[in-house]
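So the structure is just underneath, and the comments pick up after that.
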Amino acid sequence: MTTSLLEAVQVSKRFGQNQVLKSVSLSVGRGEVVCLLGPSGSGKTTLLRCLNHLERPDEGFVRVGDEVLGYRQAGGVLRETSERDIARQRRSTGMVFQQFNLFAHRTAIENVMEGPTQVKGVDRARARQRAGALLDHVGLSEKHNAYPNQLSGGQQQRVAIARAMAMEPDVLLFDEPTSALDPELVLEVLETMKSLALEGATMVVVTHEIGFAREVADRVVFMADGQILEEGEPSSVIDAPEHPRVKEFLSRVL
């Protein structure tokens, strides 16, 4: 594996009495595609949200590059940082959600421009040029000026991917990006994600698309009950799992 770019170290998270993550550790190399598989309620999405500090770990920490998210180092000790600093740190990750969360009153290109202009202070002309190029890149060259209600679900999700890319993050995080789509629209989004993987993007993907994970992932991580039960190359975890819980799950979905 290449040098670790993203690392979760013994991350635990509770919601009330429910412990959703139990000392989970995960390392992602630069340019690596990691797919998180497992049953609903296994902690996959919570782990993903911890990776960009949308959820604050109760224990453990997440590092992106040289920074520990949510903290600053002072005299060799980690201290909690400000919300403003967390927002700055969060720019190193780009999140693509299940729901597209586009601004309904803005066109596709305006949605993609929003982050760079409002958060990073990029000049509007430059942001528009970059947003247009990204929309072209995800196959939406004729939809720059379309509003979300004029786009299919698959097209809206591709706008959301372009929006995440516009912030030039180190890591792209995908939370079941095809789960809200009709079956016939899933393929176009997966093809866009495959292209990003081939271009060397670092990606962590929560997905139920086993075929996608087998074809695109460098590594598959199987979670259940808030823990990582098995991880390795897709040919190992998907086609020849060792853990009984992994075998049981895959026998039901394959």
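Note that the numbering runs from 1 along the sequence shown for the chain.
- V122 places none of its side-chain heavy atoms less than 4.5 Å from the side chain of M113.
- Between V62 and C50, the shortest heavy-atom contact is CG2-O, 3.5 Å.
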Practice item. Applying salt bridge (Lys or Arg N to Asp or Glu O under 4.0 Å), run through E215 and K194 and close with a yes or a no. Key: CA-CA 9 Å; E215 181 181 351; K194 288 178 189 177; 3.0 Å; yes
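- D136 places a side-chain heavy atom less than 4.5 Å from the side chain of H144.
- Remark: the backbone N or O of R91 is not paired with any side-chain donor or acceptor of K120 at under 3.5 angstrom.
- Heavy-atom contacts from other residues, nucleotides or ligands closer than 6.0 Å to CZ of R106 number more than 12.
- The cluster map of Ile, Leu, Val, Met, Phe, Trp and Tyr, joined by side-chain heavy atoms under 4.5 Å apart, puts L173 and L69 in the same cluster.
- Taking E188 as the reference, R158 meet the salt bridge (Lys or Arg N to Asp or Glu O under 4.0 Å) condition, with sequence neighbours excluded.
- Shortest non-hydrogen contact noted between A201 and V33 is O-CG2, 4.1 Å.
- Within 6.0 Å of CD in E142 there are 12 or fewer heavy atoms belonging to other residues, nucleotides or ligands.
- Separation of atoms OG (S141) and CG (L135) is listed at 9.0 Å; rounding is to 0.5 Å.
- Of the candidates L6, V64, L5, V64 is the only one forming a side-chain contact (heavy atoms from CB on, under 4.5 Å) with S92.
- Annotation: side chain of M167 is in contact with side chain of V119 (closest heavy-atom distance under 4.5 Å).
- One distance of note links CE of M165 with CG of L172; it measures 7.0 Å at 0.5 Å rounding.
- Listed for the Q19 side chain is no donor-acceptor partner under 3.5 Å among the backbone atoms of S12.
- Atom CD of Q99 has 12 or fewer heavy atoms from other residues, nucleotides or ligands within 6.0 Å.
- Taken together through direct or relayed side-chain contacts under 4.5 Å among Ile, Leu, Val, Met, Phe, Trp and Tyr, V159 and L134 form part of one hydrophobic cluster.
- The main-chain N or O of L185 is never found under 3.5 Å from a side-chain atom of D182 such that the two would form a donor-acceptor pair.
- Follow the hydrophobic side-chain contacts under 4.5 Å out from V205 and you never reach L51; the two are in separate clusters.
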Practice item. Output, in order, the C-alpha distance, side-chain angles, deciding distance and verdict of side chain to side chain contact (heavy atoms under 4.5 Å, CB included) for T192 and S195. Key: CA-CA 5 Å; T192 297; S195 295; 5.8 Å; no
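- Partners of F212 under the ring pair (Phe, Tyr, Trp, His ring centres under 6.0 Å) rule, at least two apart in sequence or in another chain, do not exist in this structure.
- Two different hydrophobic clusters hold F222 and V204 under the rule that ILVMFWY side chains link at heavy-atom gaps under 4.5 Å.
- The residues K22 and D225 are annotated as not salt-bridged, no charged nitrogen and carboxylate oxygen being separated by less than 4.0 angstrom.
- Taking every heavy atom of both residues into account, F100 and L181 meet most closely at CZ-CD2, 3.6 Å.
- Looking only at atom types and distance, the side chain of R63 has a donor-acceptor partner in the side chain of S4 under 3.5 Å away.
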Exercise for review: In sequence, state the C-alpha distance, the side-chain angles, and the governing distance for Y71 and R79, and then conclude on side chain to side chain contact (heavy atoms under 4.5 Å, CB included).
Suggested key: CA-CA 5 Å; Y71 297 88; R79 302 186 185 280; 5.8 Å; no
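- Residues M95 and V34 are members of one and the same hydrophobic cluster, defined by side-chain heavy-atom contacts under 4.5 angstrom among Ile, Leu, Val, Met, Phe, Trp and Tyr.
- The shortest side-chain heavy-atom distance between F174 and L48 does not fall under the 4.5 Å cut-off.
- Looking only at atom types and distance, the side chain of T45 has a donor-acceptor partner in the side chain of D175 under 3.5 Å away.
- At distances below 3.5 Å, not a single donor-acceptor pair connects side-chain atoms of E176 with backbone N or O atoms of H208.
- To the nearest 0.5 Å, atom CZ of residue R245 and atom CD of residue Q227 are 12.0 Å apart.
- Scanning all heavy atoms of the two residues, the minimum distance from V206 to P177 falls at O-CD, 3.7 Å.
- Here the side chain of K143 pairs no donor or acceptor atom with the backbone of L151 at under 3.5 angstrom.
- A salt bridge links E59 with R14; the closest basic N to acidic carboxylate O contact falls under 4.0 Å.
- Nearest approach of T117 to A127, heavy atoms of both residues: CG2-CB, 3.5 Å.
- Not a single donor-acceptor pair under 3.5 Å links the side chain of E114 to the backbone N or O of F103.
- Inspection of the H137 and E199 side chains reveals an N or O donor paired with an N or O acceptor under 3.5 Å.
- Among all heavy-atom pairs drawn from M223 and L21, the shortest one is CE-CD2, 3.8 Å.
- A side-chain donor-acceptor contact under 3.5 Å links T202 to the backbone of G31.
- Side-chain atoms of E230 come within 3.5 Å of backbone atoms of E242 as a donor-acceptor pair (strictly under, hydrogens ignored).
- Annotation: cation-pi geometry not satisfied between K247 and F249 (NZ/CZ under 6.0 angstrom from ring centroid, within 45° of ring axis).
- One finds a salt bridge joining E67 and R88 here, because a Lys/Arg side-chain nitrogen approaches an Asp/Glu carboxylate oxygen to under 4.0 Å.
- Rounded to the nearest 0.5 Å, atoms NE2 (H53) and CZ (R49) are 12.0 Å apart.
- Between Y147 atom OH and Q156 atom CD the span is 14.0 Å, to the nearest 0.5 Å.
- With hydrogens and angles ignored, the 3.5 Å screen pairs no side-chain donor or acceptor of R219 with any backbone N or O of E233.
- Atom OG of S27 and atom CD of E7 lie 5.0 Å apart (nearest 0.5 Å).
- Between the S152 side chain and the Q155 main chain, a donor and an acceptor come within less than 3.5 Å of each other.
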